[in-house]
Undergrad: 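Sharing a structure with you now.
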Amino acid sequence: MARRTSIPPDVTHTPGAPSTSALDTLTAGATSSPIVDIALDLIDPHPANPRKDLGDLTELADSIRAKGIRQNLLLVPNPDAPGRYRAVIGHRRSAAAALAGLTHAPAAIDTTLDEAAQLELMLLENVQRVDLTPIEEADGYQGLLDLGVSRAEISRTTGRTPATVRSRLKLAALPDKARTAVHAGKVTLDDALAIADLPADEQKAMAKKLGTAGFATELVRARERVKEQKVAAPLLELLAAVDATELPRDGYETPDGLVYEAYVNVRYHPASVAEELEKWRERIAPGWAYRWHHGWLQFYRPVTLEEVADRATAAEQRAAHDAEREAREAEARAQRELFEQFVRVTAETRREFLEHLLHDRKALTREQQTAVLEYAAAVVVDGAFGGSYHDGIYRAHAVPVSTRDADALVTWLRGTLPEDHKETYHRSELLPVITAAAARLTAPQVALAGFAAALEPLYIDAWRYGGRSVTTVRWYELLERLGYQVSDEERAALVVPVDDEPDEDDDEHGVAEYDDVDETDDGDGA
């Protein structure tokens with residue numbers, strides 16, 4: 001390798017930045033060849049030139065057109081094309097001269113410059129004169145390193161501080177996506193250098209986040225992962241020694257053939273790593289796997305033959321249990337369908353009976369009026385206990401207490417809901433409708449309609465308690481006194497089974513209060 005001439009110090013220039021006179025001195029000392037005119041079409045760009053984008057040449061071409069080329073080019077023979085040359089200094093000038101219409105340019109041809117000296121000169125020229133992008137500068141420094149030039153010598157030659165040279169060299173190793181963003185000036189150098197300090201696998205992932213709103217957050221997470229990898233290094237070396245498989249990060253599924261064994265909380269208990277290392281040193285073996293899971297290092301071992309047999313037995317037991325459950329559920333669905341049919345049919349039967357009493361007769365008989373009066377007295381007395389249960393006895397609200405009951409009352413009285421009627425909490429607009437409809441009936445009939453509006457239809461939730469519901473039993477007693485024919489199915493549903501014991505969920509006083517009936521509940525609430 002030929003000896004390179006160093007740039008002499010320039011005391012008139014700003015410290016830390018190389019001067020044009022220093023470059024001129026180095027250029028003059030690099031060759032003693034005479035200046036000759038070289039045809040521009042024989043000059044090729046230097047492939048190692050760190051400057052990839054020549055920028056706008058219009059102004060330079062205008063100056064050359066008016067004044068000519070005032071500084072000669074420095075060329076070296078092109079080793080790949082005999083008779084042609086590569087531009088070491090003056091790449092932009094030669095391109096601008098061609099743009100200005102010139103065919104030749106003055107140049108010195110130096111046959112003594114080795115590759116490192118050529119790159120050094122090109123880098124120095126661009127740093128001083130055309131402002132390389134950080135990536136172009138980084139590639140130039142990396143090229144010098146590859147040719148054996150030390151970082152200290154790069155710093156001395158270019159006038160850059162050692163810290164700047166180190167930071168630029170970090171940029172040279174960035175993933176292509178990050179390099180492109182830095183070269184285009186779309187991201188800050190601080191963000192790019194933050195990525196450069198990460199391992200290669202993290203760099204690739206973080207390069208995709210450059211310039212996004214979530215970059216700072218993802219950078220924190222990446223640094224956490226790097227720290228965790230460093231803390232867990234002894235365990236990871238142990239796992240690598242047995243060729244353990246790394247499972248996808250932060251997953252939940254346990255792969256077939258493996259069993260979740262244990263974990264080490266690397267993020268929050270890093271001191272435990274040494275202890276866990278001794279614990280697992282003799283146990284971790286080929287076939288094991290591991291996974292990073294939000295700061296934990298999880299271990300999975302191969303399943304044993306005994307566990308395979310146990311799993312097969314457990315699978316058979318689960319299959320049998322599932323079959324039994326499905327059979328029970330199918331039977332329950334069938335029974336519910338029958339029960340729902342019973343509820344619908346009996347509700348329609350009661351409605352027809354009650355509407356006949358309310359609207360097809362002028363008045364109730366004396367006995368029927370007495371029955372309604374006695375029922376009214378009973379439900380008034382029980383009113384304070386509506387919606388509660390005590391010692392297994394359930395009581396619902398047997399008189400209209402909800403806004404839903406108001407709509408039902410209009411229907412039972414055969415009134416007409418307003419066309420613009422909406423189901424809201426307040427029903428004041430229904431009062432005139434109810435008053436007008438009630439005026440057509442006797443007082444006992446109006447009372448009976450009110451009870452029907454509060455209770456009918458008796459849905460499944462009401463029948464769920466059967467004979468343990470005071471409200472349902474008492475309602476059926478009234479219906480029977482009014483002349484309703486109670487079917488055998490209904491009577492059977494109102495019988496309390498002998499082994500049906502009250503729930504043991506009363507409070508210390510023996511009473512468990514329930515909330516009032518919900519507006520959306522279609523049952524009697526008891």
Side-chain angles (χ1 to χ4, degrees), residues 1-10 12-13 17-55 57 59-132 136-137 140 143-144 147-149 153-154 156-159:
M1 180 179 294
R3 183 177 181 275
R4 296 188 299 280
T5 305
S6 299
I7 300 177
D10 181 3
T12 65
H13 197 274
S19 67
T20 301
S21 61
L23 175 62
D24 293 339
T25 303
L26 178 59
T27 304
T31 178
S32 58
S33 301
I35 306 301
V36 296
D37 282 341
I38 299 293
L40 291 174
D41 57 6
L42 294 178
I43 302 175
D44 300 319
H46 201 296
N49 195 320
R51 181 74 177 192
K52 305 304 181 185
D53 184 3
L54 295 180
L57 299 174
E59 184 177 348
L60 180 57
D62 292 341
S63 175
I64 291 176
R65 189 180 296 110
K67 303 177 182 179
I69 299 179
R70 304 182 66 178
Q71 183 179 9
N72 63 279
L73 313 179
L74 178 61
L75 309 178
V76 294
N78 188 336
D80 299 328
R84 299 186 65 82
Y85 303 93
R86 286 177 175 175
V88 176
I89 293 179
H91 185 195
R92 294 186 80 248
R93 291 197 299 280
S94 62
L99 182 63
L102 276 64
T103 60
H104 291 70
I109 302 172
D110 194 327
T111 60
T112 66
L113 294 175
D114 60 15
E115 292 183 21
Q118 294 172 31
L119 179 56
E120 201 170 46
L121 286 170
M122 288 185 292
L123 179 62
L124 185 57
E125 180 195 28
N126 284 292
V127 167
Q128 292 185 73
R129 295 177 178 169
V130 294
D131 293 332
L132 290 176
E136 290 173 334
E137 189 178 353
L144 290 173
L147 292 172
V149 182
E153 190 171 355
I154 293 173
R156 179 181 58 80
T157 301
T158 61

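Any value given below was found using the heavy atoms of this structure, including those in side chains, with hydrogens, waters and symmetry copies removed.
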Undergrad: Compare every heavy atom of Leu75 with every heavy atom of Ala107, then report the nearest pair and how far apart it is.
TA: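 Nearest pair, atom of Ala107 first, then Leu75: CB-CD1, 3.6 Å.
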Undergrad: To the closest 0.5 Å, what do you measure between OG (Ser94) and CG (Asp41)?
TA: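 Going from the OG atom of Ser94 to the CG atom of Asp41 covers 11.5 Å.
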Undergrad: Please round to the nearest 0.5 Å and tell me the distance separating atom CZ of Arg86 and atom CD1 of Ile43.
TA: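 Those atoms lie 13.5 Å apart.
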Undergrad: Short question: side chain of Arg65, backbone of Leu102 - any donor-acceptor pair under 3.5 Å?
TA: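 Looks like no, no N/O pair under 3.5 Å.
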Undergrad: Minimum heavy-atom separation for Asp110 and Leu74, please, with both atom names.
TA: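 Heavy atoms only, the tightest pair is CB-CD1, 4.0 Å.
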Undergrad: Indicate the atoms forming the closest heavy-atom contact of Ala98 with Leu40, along with that distance.
TA: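 Ala98 and Leu40 have their closest heavy atoms at N-CD1, 3.6 Å.
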Undergrad: Any non-hydrogen side-chain atom of Ile38 less than 4.5 Å from a side-chain atom of Leu73?
TA: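 SC-SC contact between Ile38 and Leu73 ruled out.
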Undergrad: Counting distance only, does the side-chain N/O of Arg93 pair as donor-acceptor with the main-chain N or O of Asn72 below 3.5 Å?
TA: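 Between the backbone of Asn72 and the side chain of Arg93 there is a qualifying donor-acceptor contact (under 3.5 Å).
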Undergrad: Kindly give the heavy-atom pair with the smallest separation between Ile35 and Ala108, and that separation in Å.
TA: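 Taking every non-hydrogen atom into account, CD1-CB, 3.7 Å.
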Undergrad: Could you tell me which non-hydrogen atom of Val88 sits nearest to which non-hydrogen atom of His46, and how far apart they are?
TA: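 Looking at all heavy atoms of both residues, the shortest contact is CG2-CD2, 4.2 Å.
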